[in-house]
Amino acid sequence: MLEISSYIAYLSISLAVTVWVGRTLFGNGRIFLLDAFSGNTQMADSVNQLLRVGFYLLNFGFIALFLNTGSVPATVGELVKQLSWQLGVVLLVLGAIHLFNMKNIAGMRSRTLQKQAPKSEAGAVAAVPSNWPGAPIQSQR
């Protein structure tokens, strides 16, 4: 009975957390993708949807494969210990995939900004808008 309980608890919690994280990343990631794709809404939304599908496939697959790890718990204490281990690994995998995606999005954004940077002559400094952080302070006389 403890074995079935551990399976149900593991699947319920890990799938619920995965769906919650996926929805959060999908909803909040759009703004980063819009910036990375210079406001191209179709491209940002398309990539966002593809990232969500990939995220779910990777995590659901991992959750399914990781279900059958460890021995059958004989006590409630062993069940809690095994469940903690399994959920901890699932959370680490979720975090690693998120960091991987953010690193790639940051790289896309960086390349986009480099393409958009104003071209200046050799040795000349490109004009920086006065409201940008780090711009020289202009006296107001």
### Summary
Only one of Ile105, Asn101, Leu25 passes side-chain contact (heavy atoms from CB on, under 4.5 Å) with Phe32, and that residue is Ile105

### Message
Applying a strict under-4.5 Å side-chain criterion to I, L, V, M, F, W and Y, I'd like to know whether Leu67 and Phe62 cluster together.
### Response
yes

#### Entry: side chain to side chain contact (heavy atoms under 4.5 Å, CB included) partners of Trp85, counting only residues at least two apart
Phe66, Val89

### Task
Working to the nearest 0.5 Å, report the span between CZ of Phe37 and CD of Gln42.
12.5 Å

### Query
How far does CE of Met43 sit from CG of Leu33, to the nearest 0.5 angstrom?
11.0 Å

### Exceeds 12 heavy-atom contacts within 6.0 angstrom, atom CE of Met102
yes

### Task
Check step by step if side-chain contact (heavy atoms from CB on, under 4.5 Å) holds for Ser6 and Leu79.
CA-CA 6 Å; Ser6 70; Leu79 180 136; 3.6 Å; yes

### Summary
Output for pair (Leu51 CG, Phe26 CZ), nearest 0.5 Å, gives 10.0 Å

### Summary of salt bridge (Lys or Arg N to Asp or Glu O under 4.0 Å) pairs that have at least one residue in residues 49-61, sequence neighbours excluded
none

### Main-chain N/O of Ala9 paired to Ser12 side chain as donor or acceptor, under 3.5 Å
no

#### Entry: Those residues that, when tested against Arg30, pass side chain to side chain donor-acceptor pair (under 3.5 Å) (two or more places apart)
Asp45

## Note on the structure
One should read off an interatomic distance between Thr18 OG1 and Asn59 CG, to the nearest 0.5 angstrom, of 5.0 Å

### Query
Out of curiosity, does Leu11 fall in the hydrophobic cluster containing Ile13 (side-chain heavy atoms, cut-off under 4.5 Å, transitive links)?
yes

### Between OH on residue Tyr7 and CG on residue Leu83, distance to nearest 0.5 Å
12.5 Å

#### Entry: Hydrophobic cluster identity match, Val53 and Val21, side-chain contacts under 4.5 Å
no

### Task
Taking all non-hydrogen atoms of both residues into account, name the closest pair between Tyr10 and Ile63 and its distance.
OH-O, 3.0 Å

### Task
Might you work through the side-chain contact (heavy atoms from CB on, under 4.5 Å) test for Gln82 and Gln86, ending with a clear yes or no?
CA-CA 6 Å; Gln82 182 173 328; Gln86 287 176 307; 3.9 Å; yes

### Query
Under the 3.5 angstrom rule, does the side chain of Thr24 hit a backbone N or O of Trp20 as a donor-acceptor pair?
yes

### Query
Would Val17 and Val90 count as a side-chain contact (heavy atoms from CB on, under 4.5 Å) if you check the C-alpha gap in whole Å, the side-chain angles of each, and the deciding distance to 0.1 Å?
CA-CA 9 Å; Val17 168; Val90 167; over 6 Å; no

### Query
Do other residues, nucleotides or ligands put more than 12 heavy atoms under 6.0 Å from Ile31 CD1?
no

### Query
Nearest heavy-atom pair of Leu2 and Thr75: which atoms, and what distance?
CD1-C, 3.5 Å

### Task
Can you measure from OG1 (Thr41) to CG (Asn48) and round to the nearest 0.5 angstrom?
12.0 Å

### Message
Let me check something: do Ile97 and Leu87 share a hydrophobic cluster, defined by ILVMFWY side-chain heavy atoms less than 4.5 Å apart, either directly or through other members?
### Response
yes

